[in-house]
Amino acid sequence: RPRPRPRLRGAARREARNGAEPAGAAEMLSSPWARFYSNSCCLCCHVRTGTIILGVWYLIINSVVLLILLSALTDPDQYHLTSAELGGEFEFMDDANMCIATAISLLMILICAMATYGAYKQHAAWIIPFFCYQIFDFALNTLVAISVLVYPSTIQDYLRQLPANFPYKEEIMSVNPTCLVVIILLFISIILAFKGYLISCVWNCYRYINGRNNSDVLVYITTNDTAV
């Protein structure tokens with residue numbers, strides 16, 4: 001006995017017969033966030049490719065940082081700076097700070113590897129930790145910009161705490177404080193804009209992979225009302 005042909009019911013059958021777009025897709029396209037959705041990034045590549053490149057780039061940077069920290073742990077005298085060299089009453093990168101920085105680097109390598117693998121294998125859930133890290137980093141930079149705007153005198157205090165042999169310290173301190181604040185705010189604004197664009201690329205990649213995986217699931221209603 002031949003199996004009955006799968007058939008759609010109600011509005012889904014009418015939409016399929018008329019060639020109309022499914023209701024879920026139409027609702028997604030009509031949402032306010034749909035205008036910010038794009039499948040391309042950096043004006044030339046797909047968001048999936050851009051996310052892979054971004055994950056590999058962060059992976060390389062954190063791997064280099066981890067190698068430096070591990071070499072510093074094995075040879076502390078090479079990277080140990082005393083308070084006399086820094087001109088302050090503290091030491092730079094003691095053993096506790098080195099261990100914390102190493103743990104953070106390992107965590108970042110894991111997050112970047114997950115994002116790269118998730119974008120390559122099209123697993124949307126693997127991209128979420130990297131996206132959360134981007135949001136956290138963007139929030140920290142925003143707080144820095146707000147603190148500079150609210151307390152501009154902290155810049156001069158920070159410059160005075162730098163070591164005497166810090167490059168271009170005297171030249172920077174000789175700049176007008178107002179101009180220095182404007183330059184720093186402009187620089188932070190450029191960084192925030194770039195980080196926001198990268199966040200949008202990763203988010204669009206997540207939406208693309210999630211929507212692609214959901215579109216592979218088709219629901220049909222057979223003659224005996226069984227969902228296949």
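Below, each value reflects all heavy atoms present in this structure, side chains not excepted, and no hydrogens, waters or symmetry copies.
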Quick one: [atom1] on [X] to [atom2] on [Y], what's the gap to the nearest 0.5 Å?
{"X": "L66", "Y": "I61", "atom1": "CG", "atom2": "CD1", "value": "13.5 Å"}
{"X": "R48", "Y": "I53", "atom1": "CZ", "atom2": "CD1", "value": "11.5 Å"}
{"X": "I135", "Y": "L140", "atom1": "CD1", "atom2": "CG", "value": "11.5 Å"}
{"X": "I109", "Y": "I60", "atom1": "CD1", "atom2": "CD1", "value": "11.0 Å"}
{"X": "I128", "Y": "I111", "atom1": "CD1", "atom2": "CD1", "value": "12.5 Å"}

**OP:** Quick one: sort the F130 and Y133 rings into parallel, tilted or perpendicular, breaks at 30° and 60°.
**Re:** tilted
Taking all atoms of both residues into account, what is the closest heavy-atom pair of [X] and [Y], and its distance?
{"X": "T51", "Y": "C205", "value": "OG1-CB, 3.1 Å"}
{"X": "C179", "Y": "V175", "value": "CB-CG1, 4.3 Å"}
{"X": "C112", "Y": "Y58", "value": "SG-CB, 3.3 Å"}
{"X": "A124", "Y": "I209", "value": "N-CG2, 3.7 Å"}
{"X": "L185", "Y": "A145", "value": "CD2-O, 3.6 Å"}

Under a 4.5 Å side-chain heavy-atom rule over Ile, Leu, Val, Met, Phe, Trp and Tyr, are [X] and [Y] clustered together?
{"X": "Y117", "Y": "W203", "answer": "no"}
{"X": "I188", "Y": "L143", "answer": "no"}
{"X": "I184", "Y": "V182", "answer": "no"}
{"X": "W126", "Y": "W57", "answer": "no"}

Subject >> Side-chain donor or acceptor of N204 paired with backbone N/O of S200 under 3.5 Å >> reply: yes
Original post:
Is H123 reaching over with its side chain to a backbone N or O of A125, donor-acceptor style, under 3.5 angstrom?
Top reply: no
Subject >> Intermediate values then yes/no, side-chain contact (heavy atoms from CB on, under 4.5 Å), Y206 and F131 >> reply: CA-CA 9 Å; Y206 171 80; F131 178 75; over 6 Å; no
**OP:** Can you sort out the partners of L67 under side chain to side chain contact (heavy atoms under 4.5 Å, CB included), two or more places apart, ordered by chain and number?
**Re:** none
Original post:
Taking the side chain as C-beta and beyond, is there a heavy-atom pair between F194 and I190 under 4.5 Å?
Top reply: no
Original post:
So, do L180 and N176 sit near enough that their side-chain heavy atoms are less than 4.5 Å apart?
Top reply: no
**OP:** Check whether more than 12 heavy atoms from other residues, nucleotides or ligands sit under 6.0 Å from atom OH of Y120, and answer yes or no.
**Re:** no
